[in-house]
Structure formats: structure tokens, C-alpha cells
2 protein chains.
Amino acid sequence: MAERVMRTVRDLRRSNRSLLLRRLYFDGPLSRQDLIDTTTLSAASVSNVVGDLIGDGLVAEVGSVGSEGGRPRILLQVDCPRWHAIGVDVGETRVLVELFTLDLAVLAREEYPLPDGCRDVAAVVDRIDSGLRGVLAAGAVRQETIIGVGVGVPGVVAHSPELGAVVHGQTIGWDAVPLERLLREAGGVRAHLPLYIDNGATTLGQAEMWFGAGRGARDAVIALIGSGVGACVVVDGAPYRGTGRSAGEWGHTTVQVGGRSCRCGARGCLEAYVGAEAVIERFREVGPAGSPSGPPAEASEEGALAAILAAQERGEPAAAAVLEETAVYLGVGVANLINLFNPERIALGGWAGLLLGARLLPRVREVAREYALRHAFANVELSLCQLGPDAVARGAATLPVAGFLAAGSRPPRNQSAS
Amino acid sequence: MAERVMRTVRDLRRSNRSLLLRRLYFDGPLSRQDLIDTTTLSAASVSNVVGDLIGDGLVAEVGSVGSEGGRPRILLQVDCPRWHAIGVDVGETRVLVELFTLDLAVLAREEYPLPDGCRDVAAVVDRIDSGLRGVLAAGAVRQETIIGVGVGVPGVVAHSPELGAVVHGQTIGWDAVPLERLLREAGGVRAHLPLYIDNGATTLGQAEMWFGAGRGARDAVIALIGSGVGACVVVDGAPYRGTGRSAGEWGHTTVQVGGRSCRCGARGCLEAYVGAEAVIERFREVGPAGSPSGPPAEASEEGALAAILAAQERGEPAAAAVLEETAVYLGVGVANLINLFNPERIALGGWAGLLLGARLLPRVREVAREYALRHAFANVELSLCQLGPDAVARGAATLPVAGFLAAGSRPPRNQSAS
DNA sequence: CCGACTTATTTCGCGTTGTGATTTAACTCG
DNA sequence: CGAGTTAAATCACAACGCGAAATAAGTCGG
């Protein structure tokens with residue numbers, strides 16, 4: 001019963017504009033002829049639609065490809081430098097605002113620390129608003145070229161008809177914060193500028209799908225391991241969110257009935273074994289308390305995890321044991337993803353995932369092979385994420401870009417003197 | 001980069017035909033006015049499209065609804081008795097062929113036992129072919145009214161451009177059987193009659209989604225427990241299959257690292273705890289070997305499982321312990337589904353699932369609440385399947401019906417004298 | 001029983017779309 | 001420089017959905 005977005009003959013054109021625009025964006029540059037061959041559109045229609053796109057400044061002709069006795073094909077490309085998107089990463093310790101061109105190259109960035117976490121909503125909104133104005137000024141970019149703003153937040157994002165996007169962030173103490181309304185009231189986001197708010201892990205996954213380890217895959221899982229453990233499940237090219245938008249809670253799937261206690265209250269969660277916090281704790285339990293080889297209490301989790309890896313490097317058996325166990329649980333978790341989702345690709349990311357993965361990936365793959373069904377395992381590619389843990393803002397910026405490509409249109413004109 | 005099925009203005013009409021047809025099929029009877037109100041189509045278009053549908057014999061006017069001072073609304077309905085679909089269930093012990101009207105009411109059925117399992121492909125094809133001819137004769141139905149044939153098989157179904165649907169069935173010894181080609185060659189399926197072949201668990205899930213426990217849900221999981229354990233994951237109203245079409249292998253997700261051995265070769269699989277075979281085996285291990293209260297070795301798995309339930313009923317501690325453990329593992333498995341998929345609905349089915357669920361569902365729900373994240377658990381409805389374990393054929397018949405509704409058209413005319 | 005009123009459905013003219021056929025443009029090669 | 005070749009644009013046409021207007025089919029009050 002999916003409501004069609006396709007009724008009038010005009011929507012048909014929009015759909016075809018979008019089709020050509022997407023192909024040019026992801027696979028460009030291409031000639032009109034390439035478009036004719038690879039889409040089912042007729043030559044006449046391609047010519048018409050491309051003409052419109054060029055007229056609207058979305059596409060530009062760029063050089064031509066040599067011919068062998070005929071008229072050369074003119075190459076077309078989306079005019080990426082002309083349009084801009086903004087991505088915002090609301091982290092637990094800082095707000096990052098970045099200005100991108102349409103192909104998501106960074107033009108400007110502003111970063112604001114959040115000393116007391118982001119519990120104070122007004123402060124966060126204020127930082128985001130300053131950041132927006134800041135990057136616009138720094139990039140010397142006109143508002144009219146901005147196609148939209150994407151925001152990645154650490155929480156579940158629901159949508160209500162009146163308030164727009166509403167954020168529920170258990171870890172940062174946000175309870176039903178109407179972030180969309182607050183941001184619009186702050187004024188930095190023009191009234192009719194598209195504003196997309198989504199979970200930060202999802203936007204990171206989206207970034208990996210477009211530009212990183214997930215590139216080209218239809219069905220994939222981006223597994224994110226930080227202090228906690230989550231996953232961005234991509235089905236048919238788009239993140240799958242579930243009914244309450246909280247799908248992908250990989251970290252709280254049980255891999256050991258009656259196992260270690262997890263901070264979620266349950267026992268035997270995957271996160272209780274492979275999350276950074278859990279790995280560090282397990283090492284503390286097993287490892288030498290006041291060992292001279294490593295600082296007994298690292299200031300940061302990053303440091304502590306690095307210390308464990310270093311200890312293993314030096315051949316300390318306690319570290320090796322903890323990491324081996326971690327690899328086994330991680331492999332089991334990955335196998336579960338393989339068996340349930342049968343994805344084309346699985347990428348391990350998050351700061352801890354990258355740190356651990358660099359060392360443990362071969363062993364994780366080995367364990368996953370043991371636990372996953374043969375057929376499904378044979379069809380999956382397991383790798384590390386490629387964009388680093390700071391791609392949340394870039395991922396957030398993919399949201400307006402995706403909207404832009406789907407609509408196949410320039411941003412709505414801002415009405416003067418209304 | 002999904003290829004649009006929408007290019008010309010004619011496809012637009014097809015899409016709108018399909019939209020109205022689907023609404024009438026699932027929510028009918030409805031008046032034209034209802035359609036105008038609920039589908040963004042204009043009155044003029046609704047009138048035109050409905051006129052076409054009536055002209056093609058797909059829709060019929062059926063009575064009218066009382067008015068209050070104006071012209072009464074004429075009620076429309078899909079002309080279900082006029083069209084037919086066939087569903088085939090290829091089970092491990094028998095082939096079942098059923099003839100349905102478009103609303104999937106049974107008109108005729110033929111059942112053929114398969115004494116030696118369905119290893120002999122030719123025998124199976126022969127039985128299906130006989131069944132097709134049989135139900136057509138028994139139902140006294142003309143070939144032209146058949147919109148298609150759906151077949152549910154116990155295996156993974158791949159699609160190749162040359163051979164059509166190819167079945168890989170590990171449990172029945174089928175290795176790349178080109179069932180589509182074989183069936184077409186047998187002749188019972190006319191050349192241009194749509195033929196859909198899919199995994200039996202998936203078709204069963206589809207049946208539950210349309211007419212059973214999943215009715216009305218967009219995102220759901222139909223969990224099937226028989227001798228083995230599987231699941232049909234429904235995303236956005238359609239079964240999710242994954243890259244290699246083997247998604248939903250819930251039974252082989254690990255819930256106990258280093259736990260019981262599973263027949264898949266891994267350890268700690270969910271199936272090794274809650275599958276019928278596993279439950280029976282666990283009872284044999286724990287229970288009194290030659291207890292006078294129950295037959296020591298039941299002939300069938302159904303009987304053995306029923307005996308365990310009966311033993312618990314009588315207060316035997318061994319049976320109670322095994323079933324309690326089963327409920328815990330089942331609850332954990334369900335919680336994992338909830339956390340990963342965040343579905344709207346989870347239905348427990350399969351012959352063993354229904355048998356166990358009738359007794360254990362409250363306890364399973366309790367355990368799932370403990371292990372699942374609060375938010376996701378609060379949004380899920382956990383119930384038993386409603387159609388029984390024999391709805392595979394009906395589910396298979398939904399495949400051609402879905403195709404019929406999606407295309408919005410009558411089956412292609414069979415060309416005479418070609 | 002009639003006429004005003006109300007509501008449902010169909011009809012009509014228009015603007016927009018994609019298409020195939022045709023025309024025009026742009027280049028290579030001898 | 002002209003024949004040959006391929007790319008892109010143009011044109012006439014048929015089909016579509018839409019808003020407005022016309023028509024159909026009732027109710028209700030008298």
C-alpha cells in the first residue's frame with residue numbers, strides 16, 4: 001500500500017530528471033548517448049531533460065570524447081562546484097559544522113567544544129547556528145546555492161507533523177527535543193531550506209555507502225564500534241530504520257545467554273564483549289593490576305584501548321587473551337549479521353572498530369566463517385570502514401544531496417518581499 | 001541506482017491502475033469518491049481508470065451506499081470470483097496444489113505424497129504438473145482466467161536470465177535445479193502464464209502478512225519453527241531476501257558462544273536450543289530414559305514434542321526444565337530480532353512454533369522484554385501465526401496475485417495460431 | 001408528485017509528457 | 001573539400017492527468 005509519489009505527467013518528468021541527475025552524479029561524466037544506452041529513455045527525452053538540467057544550472061557540458069568518424073559525444077557532469085550542502089555532527093563532546101560542495105568536498109569547517117556534554121540543548125542549538133553562519137561566511141557562499149542542511153545527532157530521531165524532527169537521546173539526556181523547530185527559530189536555517197535530522201550512526205553509514213567501504217553495494221551493514229556498539233543496516237541502498245527508527249541495535253543482541261552484564265541492563269549483549277568500554281573493563285579484570293608495562297588507568301578510552309593493543313604487541317598474555325576473546329565475539333556478531341541479513345558487504349567502523357579491526361580483522365573473518373552459513377559467508381565482503389570516525393558531518397550532508405538528487409531540482413527560490 | 005520502471009506516459013497509467021486496483025483489493029469495496037479522497041488522484045482520472053478496469057473485467061460495481069440528499073456512491077470491488085491463481089507447496093513429504101479465486105479462497109486441491117522425500121526432481125515436476133491439470137479440471141476453470149502460478153519450495157531460489165528460477169535445496173538434495181524450465185517443459189504451465197517460484201518459508205510469511213498475523217504491518221518478522229528454525233523478514237511490506245536470497249537465517253544466529261553443537265556445524269545456534277529436533281534431544285538427555293509416564297521414543301517429531309508438553313502438563317520436572325530453557329532461548333532470539341529489526345510485529349509460526357508458542361508465549365514475551373531495548377520492545381506486537389503451518393500454497397498463490405495487482409492488468413491474451 | 005438542493009460521476013478542452021522519424025550539427029577520412 | 005558517420009535537436013503525434021463544467025441520481029420539503 002505504498003502511496004505512489006507518481007500521479008501527474010509532471011511527476012514523470014521529475015522522475016526522469018532525477019534518474020538522469022543521479023546517474024550523472026554517481027557515474028559521471030557521461031555523454032547523452034551513454035544516458036540513452038543505459039536508461040530506457042528515448043534520445044528525444046534525454047535531449048529534452050538534459051536541456052532543462054543545463055538550463056537550470058544543475059548540469060554542465062564538460063569537454064567531449066574523441067570520435068571515430070562521427071560527431072563527438074559531449075560529456076555531461078553535475079555542476080558540483082555551483083551548489084552546496086551543509087553537514088552538522090552533533091557529538092557528545094563537540095559540534096562540527098562543515099560546508100561542502102555538491103560532491104562533498106569540504107569548503108569550510110567550524111568546530112565548537114561542548115564542555116559539559118550536549119545536555120544543554122540551547123547551547124547546542126546556539127553552536128549549530130553560529131557554525132552555519134560561520135561556514136557560510138568563511139566559504140563566501142550565497143544562501144541561494146545551499147541545497148539543504150543535514151544534522152547527525154546521537155539519538156533516535158522521530159518525526160511529528162507539527163514539530164518536525166524530534167530527538168530522543170538517552171545517552172545525552174535529550175528527551176523529545178524538537179531540534180528542527182529550535183534550529184528554524186534560531187534563524188540560521190532559512191525558512192524553506194530543507195533540513196534533515198538523523199541519527200549520527202546512520203549518517204556515518206550513509207557516508208560509507210556513498211564514498212567508503214559500502215560503495216556500490218545494495219545490501220550492506222556498517223558496523224560501528226565505539227564506546228558502545230551499533231550498526232547501520234542498509235537495505236536496497238537506503239538505511240533501514242524500522243518502525244520506531246531504532247533498528248540496527250546490534251550491540252544489544254545477545255550472544256551469550258546469562259553472560260556478562262551490559263549497561264543496558266540485560267546480560268550477554270555483544271556490546272558487553274566488544275564495545276571499547278567493555279574491552280577495557282575485561283582487561284582490567286584479567287590483566288595485571290599495577291603492571292609496569294602500561295599505565296594502570298588511562299585518561300581516555302582511546303588511550304586505554306591503544307594501551308591494550310600495545311601490550312598485546314609486546315606479548316603480554318593477558319592482553320592477547322582479551323583481544324582473542326574480543327575477536328571471537330566480534331566474529332560471532334558479524335556471523336549473526338551475515339546469517340540474518342545476507343548482505344553483500346559488511347564494514348567495521350567506529351573509532352574502536354577501526355583500532356581493533358586493524359589488528360583483529362583476519363581473526364574476526366576466520367571466526368565469522370566458522371559461525372556463518374557457508375553460502376551467505378561466501379557472498380559477503382568484510383572490510384574496515386574507509387572514512388574514519390569523523391565522517392558523520394559528511395554523512396549528514398549526504399541527506400540534502402540525496403533529497404536534491406531525488407527531487408531532481410534546484411532549491412526553491414526564496415520569495416522576495418513576502 | 002534503482003532502474004525506474006516508469007518512463008513513458010503510458011506507464012503512468014499502469015501505475016495508477018495498479019494503485020486503484022490494490023486499494024480496492026485490500027480495502028474494498030470502495031466508491032469512486034473514496035478513491036478520490038484517499039489517493040491524490042483527481043476525480044476525472046479516477047473515473048477514467050475505473051472505467052477501464054470495469055471494461056477489462058477486473059472490477060465490478062456492487063451495490064451502492066445510502067446517501068443523505070445527494071447521488072449515492074456506487075461501490076466498487078475487484079471481481080475476485082472471475083480470476084484465479086494457483087499455489088503449489090513442495091514440501092519434504094508431499095506436493096500440494098491448490099486453485100484459488102483472486103481473493104485466495106480455495107476452489108480445488110490436489111495432494112500427492114512423496115514417499116522418498118522430494119529428491120527425485122522428475123517425480124516432483126510430474127506431481128506438480130498433474131496437480132495443475134487436476135485442479136483446473138476439478139475447478140472447471142478456463143485457462144484464460146488464471147493469472148499465474150506460484151510455487152513454494154524448501155530451498156534457496158536464485159534467478160538466472162537463461163534458466164529462470166533455479167532451486168538450491170540442501171535438505172532435499174537439490175543442487176541448482178532449473179525448476180522453472182522443467183515446469184514449463186512439462187506443459188501444464190502455458191507458455192506465457194506467469195510462474196513464480198520462491199522459498200516456502202517466504203511464501204508462508206507472505207500469507208501471514210496478507211491474511212494472518214502480519215496483516216497491516218509494514219515491518220514484521222514471521223519466525224518459523226519446525227524441525228529447523230527460520231524467519232521471513234518483511235521490510236516495507238515485502239519479504240527481504242538479501243544478496244544471495246538467504247536472509248532470515250535466524251535459526252543459525254549464535255546465542256551462546258561455545259554452546260550446543262548445531263547440525264550446521266557451528267555451536268550455540270538458536271536452532272540448537274529451540275528447534276523441535278533440538279528440544280526433543282535435550283529432553284532425551286535430561287529426562288527419565290524409560291519413564292513410564294511417556295513413550296520413550298515417539299515415532300514422529302510432532303508426537304515427541306506433544307509428549308514433552310504433556311509431560312510438563314503432568315508436572316514432570318524434566319519436561320518443565322527443558323521447556324523453561326526453551327522459552328528463555330526463544331525469548332532471547334525474539335529480543336535479538338526486536339533489537340536488530342525494530343519491527344512492528346513478530347509472529348511465531350511453524351508447526352513446532354505453534355505447538356510451543358501456545359504454551360510458552362507469555363514466558364517468551366517476558367524474557368524478550370528483559371533482553372530487548374525498552375523502546376523497541378514497547379513498539380512490537382508479539383503473537384502466534386494465524387494460518388497454521390499449511391499456508392505455504394496460499395502464500396505461493398499471493399505471488400501471482402501481487403504481480404497481477406502491481407501490473408494492474410489482466411493476464412496476457414494467449415495468441416491463437418502462432 | 002414536483003422542484004430545489006445536494007452529491008457523485010462523467011465529459012471536455014488544455015497543457016505537458018515521451019516517442020519515433022526526420023533534420024541538423026559536428027567531426028573523420030581519403 | 002566532399003562523402004561518410006555519429007550525435008543531438010526538432011517536429012508532429014498520441015496519451016495522460018487535471019480543473020471546470022456538465023450531467024446523473026438521489027433526498028427533502030411542500
Side-chain angles (χ1 to χ4, degrees), chain A residues 3-21 24 29-56 59-77 408-409, chain B residues 3-21 23-24 28-56 59-77 408-409:
Chain A
E3 290 296 327
R4 277 261 173 282
V5 212
M6 175 77 44
R7 1 184 212 322
T8 159
V9 77
R10 218 150 178 163
D11 299 311
L12 187 54
R13 172 67 78 124
R14 234 202 305 281
S15 160
N16 284 336
R17 274 176 72 110
S18 170
L19 177 62
L20 296 190
L21 200 56
L24 287 172
L30 295 169
S31 68
R32 290 176 180 78
Q33 211 55 226
D34 295 329
L35 293 172
I36 294 166
D37 296 341
T38 54
T39 66
T40 54
L41 260 62
S42 71
S45 295
V46 168
S47 180
N48 278 332
V49 174
V50 167
D52 283 3
L53 289 172
I54 292 177
D56 288 345
V59 164
E61 298 190 335
V62 43
S64 60
V65 72
S67 73
E68 299 171 2
R71 177 176 176 172
R73 302 177 172 192
I74 300 171
L75 289 176
L76 304 165
Q77 210 173 19
S409 65
Chain B
E3 289 297 327
R4 278 261 173 283
V5 212
M6 174 78 45
R7 0 186 213 324
T8 157
V9 78
R10 216 149 178 165
D11 299 313
L12 188 54
R13 171 67 80 126
R14 235 201 307 280
S15 160
N16 284 336
R17 273 176 73 111
S18 170
L19 177 62
L20 296 190
L21 199 57
R23 256 188 84 48
L24 287 172
L30 295 169
S31 68
R32 290 178 180 77
Q33 210 57 226
D34 295 330
L35 293 172
I36 293 166
D37 296 342
T38 54
T39 68
T40 58
L41 256 63
S42 72
S45 294
V46 168
S47 181
N48 278 332
V49 174
V50 167
D52 283 3
L53 289 172
I54 291 177
D56 287 346
V59 164
E61 300 192 333
V62 40
S64 61
V65 71
S67 74
E68 299 172 1
R71 177 174 176 175
R73 302 178 170 193
I74 300 171
L75 288 178
L76 304 166
Q77 210 173 18
S409 65

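Excluded from the calculations below are hydrogen atoms, water molecules and symmetry mates; all remaining heavy atoms, backbone and side chain alike, are included. The shown structure was predicted, so the numbers you read here are calculated from the model rather than taken from an experiment. Naming convention: chains lettered A, B, ... in sequence-line order (proteins, then strands); numbering from 1 in each chain.
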Check: Between atom CZ in A:R13 and atom C1' in C:dT16, what is the gap in whole Å?
Finding: 9 Å
Notebook entry, point to check: Expressed in angstrom and rounded to an integer, what is the separation of A:E61 atom CD from C:dA26 atom P?
Noted result: 11 Å
Next item on the list: Measure from the side-chain N and O atoms of A:S42 to the backbone N and O of A:S45, and report whether any donor-acceptor pair falls under 3.5 Å.
Entry: yes
Margin query: Both A:A44 and B:S42 contact DNA chain D. Which one's nearest nucleotide lies toward the 5' end?
Written below: A:A44
Checklist line | Residue A:N16, side-chain heavy atoms: nucleotide from D:dA8, C:dG18, C:dT10 that is nearest | finding: C:dG18
Next item on the list: Mark yes or no for whether A:D56, through its side chain, and A:L53, through its backbone, hold a donor-acceptor pair below 3.5 Å.
Entry: no
Note to self: Could you tell me how far apart B:R7 (CZ) and C:dT19 (C1') are, to the nearest whole angstrom?
What the structure shows: 12 Å
Item checked: Position toward the 5' end of DNA chain D (nearest nucleotide), A:G70 or A:S31 -> A:G70
Notebook entry, point to check: With respect to the side chain of A:R32, which nucleotide from D:dA9, C:dT10, C:dG18 is positioned closest?
Noted result: D:dA9
Notebook entry, point to check: Taking DNA chain C as the partner, which of residues 45-55 of chain B come within under 4.0 angstrom of it by heavy atom?
Noted result: B:S47
Checklist line | Nearest atoms (heavy-atom pairs only) where B:L41 meets B:V46 | finding: CB-CG2, 3.9 Å
Next item on the list: Return the value, rounded to whole Å, for the distance between atom CD of A:Q33 and atom C1' of D:dA9.
Entry: 12 Å
Item checked: B:I36 CD1 - C:dT10 C1' separation (whole Å) -> 11 Å
Note to self: Classify B:A43 by what it touches in the nucleic acid, base, sugar-phosphate, or nothing, heavy-atom distance under 4.0 Å.
What the structure shows: base
Note to self: To check you understand the geometry: which heavy-atom pair defines the closest contact between A:R17 and A:G408, and what is its length?
What the structure shows: NE-O, 2.6 Å
Next item on the list: Quickly work out the B:R14 CZ to D:dG17 P distance and round it to whole Å.
Entry: 12 Å
Note to self: What is the separation between atom CZ on B:R10 and atom C1' on D:dA15, rounded to the nearest whole Å?
What the structure shows: 7 Å
Checklist line | Least distance between heavy atoms, B:L35 atom then B:T39 atom | finding: O-OG1, 2.7 Å
Margin query: Under the criterion side chain to side chain donor-acceptor pair (under 3.5 Å), I'd like the reasoning laid out for A:S31 against A:D34: C-alpha separation, chi angles, the key distance, then a yes or no.
Written below: CA-CA 5 Å; A:S31 68; A:D34 295 329; 3.1 Å; yes
Margin query: I need the CG-P distance between A:D37 and D:dA8, as an integer number of Å.
Written below: 10 Å
Note to self: Measuring from the side chain of B:T8 (C-beta onward, heavy atoms only), which nucleotide among C:dT19, D:dA7, C:dT9 has the closest atom?
What the structure shows: C:dT19
Notebook entry, point to check: Going by modelled atom types, is there a donor-acceptor pair between the base of C:dA26 and the side chain of A:R71 at under 3.5 Å?
Noted result: no
Check: Residues in side-chain hydrogen bond (donor to acceptor under 3.5 Å, both in side chains) with A:N48, at least two apart?
Finding: none
